[in-house]
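Structure first, commentary second.
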Amino acid sequence: MTSRRVTRQQLERELVLLADPKRAESSAWFFKTGKGQYGEGDRFLGIRVPVQRRIARKYLGLPLRDIARLLVSPIHEHRFTALEILVAQYERAEEGERNQIFNFYLNHASRINNWDLVDTSAPYIVGEHLRNRPRQVLDALAHSESVWERRIAVVSTLAFVKHGEVEDTFRICEKLLSDKHDLIRKAVGWALRETGRVSRRRLLRFLKTHYSSLSRTSLRYAIEHFSAAERKQMLAGDFT
């Protein structure tokens, strides 16, 4: 990891200087922060993702205690940038440090509490860490009452799909077929769609087997890579 001396306070000041109130208002609407919505209470500075990622690269030396402080912040960009730093630290870490980062991530899962926070981190920390390890933790996450932990469970399997493994994706998706939350239905469909890059035959077999249980949202996402004629056929339950 980098030896450059950096502080959390410097990072926070840098983010504040880049705040865009108009973009922040738009982000608050986009990420459903209204009362009763999944992002309720989330606050935004209004900073574009590429800018946050560029800033994160300057603060790779932040210790976990400071990353933890960023994760408990109500400001979305604090948490997003913290997770970008954590992903980069994991990629550069030795085995012992990777174990520490993995456990840290799961211990702070309640603060990885919007879909973009999950998607930018779960495959690259949880998924990568479990590639050569037992994966039962994904089953526990899939049964969690937290929508974010359930999303972590399914999105993490994209790390396996990237390397040609689809069994765990199918297994976790099957556990989540009856999930009522739209963010999980979309994640299931996304993950299933990606398995089709490895084996369309196996994806079609899964969709045919579970057609009656799949939400329309999941199914529509899962078949996005097929032709319009094929999608129409599959939406009607025909997978021949």
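Starting from 1, each residue takes its place in the sequence as its number.
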Path from V16 to L62 over hydrophobic side-chain contacts below 4.5 Å: no
Hphob cluster co-occupancy, V72 + L11, side-chain heavy atoms under 4.5 angstrom: no
Non-hydrogen atoms of [X] and [Y] that approach each other most closely:
X    : Y    : result
A122 : V155 : CB-CG1, 4.4 Å
D20  : G46  : CB-O, 3.2 Å
L130 : P134 : CD2-O, 3.5 Å
L141 : I152 : CD1-CG2, 3.9 Å
Y59  : I85  : O-CG2, 3.6 Å
G196 : L203 : CA-CD2, 3.7 Å

Between [X] and [Y], is there a donor-acceptor pair closer than 3.5 Å when you use the side chain of the first and the backbone of the second?
X    : Y    : result
Y211 : D238 : no
H129 : I125 : no
R150 : S144 : yes
Q37  : G34  : yes
S156 : A153 : no
S27  : R23  : yes
Q89  : I101 : no
H143 : D139 : yes
T120 : L117 : no

Parallel, tilted or perpendicular: rings of F206 and F170 (30°, 60°):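 Because their plane-to-plane angle is under 30°, the rings of F170 and F206 count as parallel.
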side-chain hydrogen bond (donor to acceptor under 3.5 Å, both in side chains), paired with R79, selected from N113, D116, N114: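 Of the listed options, the one satisfying the test is N113.
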Cationic N near anionic O, under 4.0 Å, D168 to R171: yes
E77 with R43: basic N within carboxylate O range, under 4.0 Å: no
Inspect the surroundings of [atom1] in [X] and state if more than 12 heavy atoms from other residues, nucleotides or ligands are less than 6.0 Å away.
X    : atom1 : value
R111 : CZ    : yes
E94  : CD    : no
R216 : CZ    : yes
E25  : CD    : no

Residue pair L177, L214: steps toward the side-chain contact (heavy atoms from CB on, under 4.5 Å) verdict: CA-CA 6 Å; L177 288 181; L214 270 168; 3.6 Å; yes
Are [X] and [Y] packed together at the side-chain level, in the sense that at least one heavy-atom pair is separated by less than 4.5 angstrom?
X    : Y    : value
L138 : V126 : yes
L18  : L45  : no
W148 : S110 : no

Donor on one side chain, acceptor on other, E230 and S227, under 3.5 Å: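 Yes, a side-chain donor-acceptor pair sits under 3.5 Å.
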Exercise: do T33 and E40 side chains pair donor with acceptor under 3.5 Å: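 No donor-acceptor contact under 3.5 Å links the two side chains.
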Intermediate values then yes/no, salt bridge (Lys or Arg N to Asp or Glu O under 4.0 Å), R54 and E14: CA-CA 11 Å; R54 186 174 70 242; E14 190 164 351; over 6 Å; no
Residues in ring-ring contact (aromatic ring centres under 6.0 Å, His included) contact with F31, at least two apart in sequence or another chain: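 With neighbours one apart ignored, the set is F44, H76, W115.
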Spatial distance of atom OG (S146) from atom NE2 (H181) [nearest 0.5 Å]: 9.5 Å
Between CG on residue L158 and CD on residue E165, distance to nearest 0.5 Å: 12.5 Å
Pair E128-R131, side-chain contact (heavy atoms from CB on, under 4.5 Å): steps then yes or no: CA-CA 5 Å; E128 281 299 319; R131 277 187 55 219; 3.4 Å; yes
Stepwise side-chain contact (heavy atoms from CB on, under 4.5 Å) check, I184 with V154: CA-CA 8 Å; I184 301 303; V154 64; 5.5 Å; no
Residue pairs, two or more places apart or on separate chains, that pass salt bridge (charged side-chain N to carboxylate O under 4.0 Å, His left out) and touch residues 185-196: D182-K186, R193-E224, E194-R197
Working for side-chain contact (heavy atoms from CB on, under 4.5 Å), residues L86 and L64: CA-CA 8 Å; L86 200 62; L64 290 181; 3.6 Å; yes
Salt bridge (Lys or Arg N to Asp or Glu O under 4.0 Å) between D119 and R151, worked out: CA-CA 8 Å; D119 297 356; R151 189 167 175 109; 2.7 Å; yes
Test: R135 cationic atom under 6.0 Å from F160 six-membered ring centre, within 45° of axis: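 Because its charged atom sits under 6.0 Å from the ring centre and within 45° of the axis, R135 does stack over F160.
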Y124 ring center within less than 6.0 Å of Y90 ring center: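 They do not qualify: ring centres at least 6.0 Å apart.
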